[in-house]
**Q** 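Have a look at this one before I ask anything.
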Amino acid sequence: MSGPNTNYDPVQVAALDEAAIAEMVDQAVTAIRAADSIAGLKQARLDHLGDRSPIALANREIGALPPEARRVAGQRIGQARGRITEVFREREAEVTAAELEATLRAERLDMTLPVELHPQGAVHPVTALIDQLNDVFTAMGWEVAEGPELEGEWLNFDALNIGPDHPSRGTTDTLFVDPIDHGLVMRTHTSPVQIRALLNRDLPVYVVCPGRTYRADEYDPTHLPVFHQIEGLCVDKGITMAHLKGTLDHFARELFGDVRTRLRPHYFPFTEPSAEMDLECFVCRGESVGNPDRPCRTCRSEGWIEWGGCGVVNPRVLAAVGIDADVYSGFAFGMGIERTLMFRNGAEDMREMVEGDVRYSRTLRGGAR
Ligand code: PHE
């Protein structure tokens with residue numbers, strides 16, 4: 001670089017002449033005003049106020065001017081920078097406001113729109129059916145009784161005239177609780193609640209006893225090791241098999257509508273005589289019987305579906321709880337709840353009833369025949 005030229009006229013330094021600087025300001029202002037995003041604005045600032053911007057480059061030329069010219073040139077540059085910065089700030093405010101506005105618009109929430117509520121559970125079909133069964137009987141003046149699921153062997157078996165050698169008392173059928181000689185079992189049916197009701201209540205007794213029962217059964221489409229039954233028991237003066245038949249017919253109609261029933265002789269130690277209650281098959285209405293062209297899966301072409309056991313209370317049971325069988329008599333019945341649900345709702349696999357999928361509960365309830 002040569003030494004300072006005292007005759008140097010700032011006008012002659014091209015980059016510093018007034019028109020050139022005005023031009024830089026114009027270009028900067030145009031670029032800044034054209035920027036319509038924060039990113040675009042950043043770039044415009046870099047281009048027009050940054051280290052390599054025309055104005056910065058021009059500023060470096062000042063050193064080459066004679067001292068007396070530097071002040072004027074410095075003022076021009078300073079004013080130009082001031083103007084560009086001012087326009088930049090204005091535009092920055094506008095762009096920021098516009099971007100905020102756009103974000104707010106895009107992320108707008110309509111607080112009046114319905115939101116998805118917390119998913120609700122559903123009453124389990126087994127519970128719903130138990131409620132319905134209880135209703136049928138309480139409407140007739142019966143009471144609902146309950147008993148424990150862990151039961152004494154005497155109540156589960158002996159008091160019901162099921163002797164010590166009865167096959168159902170073996171470990172292949174019954175779940176015993178350790179230590180085995182304490183005589184505690186997971187109740188295999190709701191019938192022990194009959195005994196409890198007779199021991200705890202004054203006669204006459206009219207009770208239904210819904211509840212969970214346990215058997216050493218397979219877990220397959222038609223068996224669950226833990227399932228539910230509903231027991232019915234009435235003990236009063238002058239009760240006969242006719243009362244049993246009338247009550248069960250009413251029960252069946254309340255639950256299944258107009259359906260034919262039949263009692264088929266059977267054996268239970270705690271009732272005498274005993275029977276199985278059958279319902280006419282809902283699906284084929286008996287038309288599959290002897291008709292190989294129209295087989296019915298629901299009743300296996302037998303025309304009837306076995307619903308549950310029943311009978312006249314065995315006098316030995318009454319004796320076991322100290323009731324005079326010459327004065328009192330009664331009837332009892334017991335039905336499987338899951339089984340009832342299967343043929344009432346056309347449910348094909350009992351295992352779905354214990355898997356706990358709320359959608360199953362909703363459809364099974366909705367799909368009731
Ligand atoms: N307890 C019997 C069972 O589990 C059902 C039953 C109850 C039969 C009452 C007769 C009377 O199979």
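Values reported hereafter were calculated over all heavy atoms of this structure, with side chains retained and with hydrogens, waters and symmetry mates removed. As the structure lists them, so they are numbered: ligands from 1, and atoms in each ligand from 1. The shown structure was predicted, so the numbers you read here are calculated from the model rather than taken from an experiment.
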**Q** Between the side chains of R196 and E151, is the shortest nitrogen-to-carboxylate-oxygen separation below 4.0 Å, so that they form an ion pair?
**A** yes
**Q** Under 4.0 Å from a heavy atom of G309: which atoms of ligand 1 are those, numbered in the order shown and with their elements?
**A** 6 (C), 8 (C), 10 (C)
**Q** Using a plain distance cutoff, I'd like to know if E231 has any nitrogen or oxygen under 3.5 Å from a nitrogen or oxygen of ligand 1.
**A** no
**Q** Salt bridge check: are E355 and R351 linked by an N-O gap of less than 4.0 Å?
**A** no
**Q** Should the pair E306-R339 be classified as a salt bridge under the 4.0 Å nitrogen-to-oxygen rule?
**A** no
**Q** Parallel under 30°, tilted from 30 to 60°, perpendicular over 60°: which one fits the rings of F282 and F256?
**A** tilted
**Q** So, does Q194 sit close enough to ligand 1 that a heavy atom of it is under 4.0 Å from the ligand?
**A** yes
**Q** Below 4.5 Å, heavy atoms only, C-beta onward: do S191 and F270 meet side chain to side chain?
**A** yes
**Q** Do K237 and D324 sit within salt-bridge range, that is, some charged N less than 4.0 Å from a carboxylate O?
**A** no
**Q** Would you say R215 touches ligand 1, if touching means a heavy atom closer than 4.0 Å?
**A** yes
**Q** What atoms of ligand 1 come within less than 4.0 Å of a heavy atom belonging to C310?
**A** 8 (C), 10 (C), 11 (C)
**Q** Under 4.0 Å from a heavy atom of Q229: give me the atoms of ligand 1 that qualify, with their elements.
**A** 3 (C), 4 (O)
**Q** Is any N or O atom of T271, backbone or side chain, closer than 3.5 Å to an N or O atom of ligand 1?
**A** no
**Q** Looking only at the aromatic ring of each residue, does the gap between the centers of F333 and F137 stay below 6.0 angstrom?
**A** yes
**Q** Check each atom of ligand 1 against the heavy atoms of F333 and keep those under 4.0 Å away; list them by number with element.
**A** 7 (C), 9 (C), 11 (C)
**Q** Pairs of nitrogen or oxygen atoms closer than 3.5 Å, one from S191 and one from ligand 1: do any exist?
**A** yes
**Q** Starting from atom 2 (C) of ligand 1, what is the nearest protein heavy atom, named by residue and atom, and what distance separates them?
**A** F270 CZ, 3.8 Å
**Q** Output yes when the distance from some N or O of ligand 1 to some N or O of H189 is under 3.5 Å, and no in every other case.
**A** yes
**Q** Parallel, tilted or perpendicular, judged at 30° and 60°: which one describes the rings of W142 and Y206?
**A** perpendicular
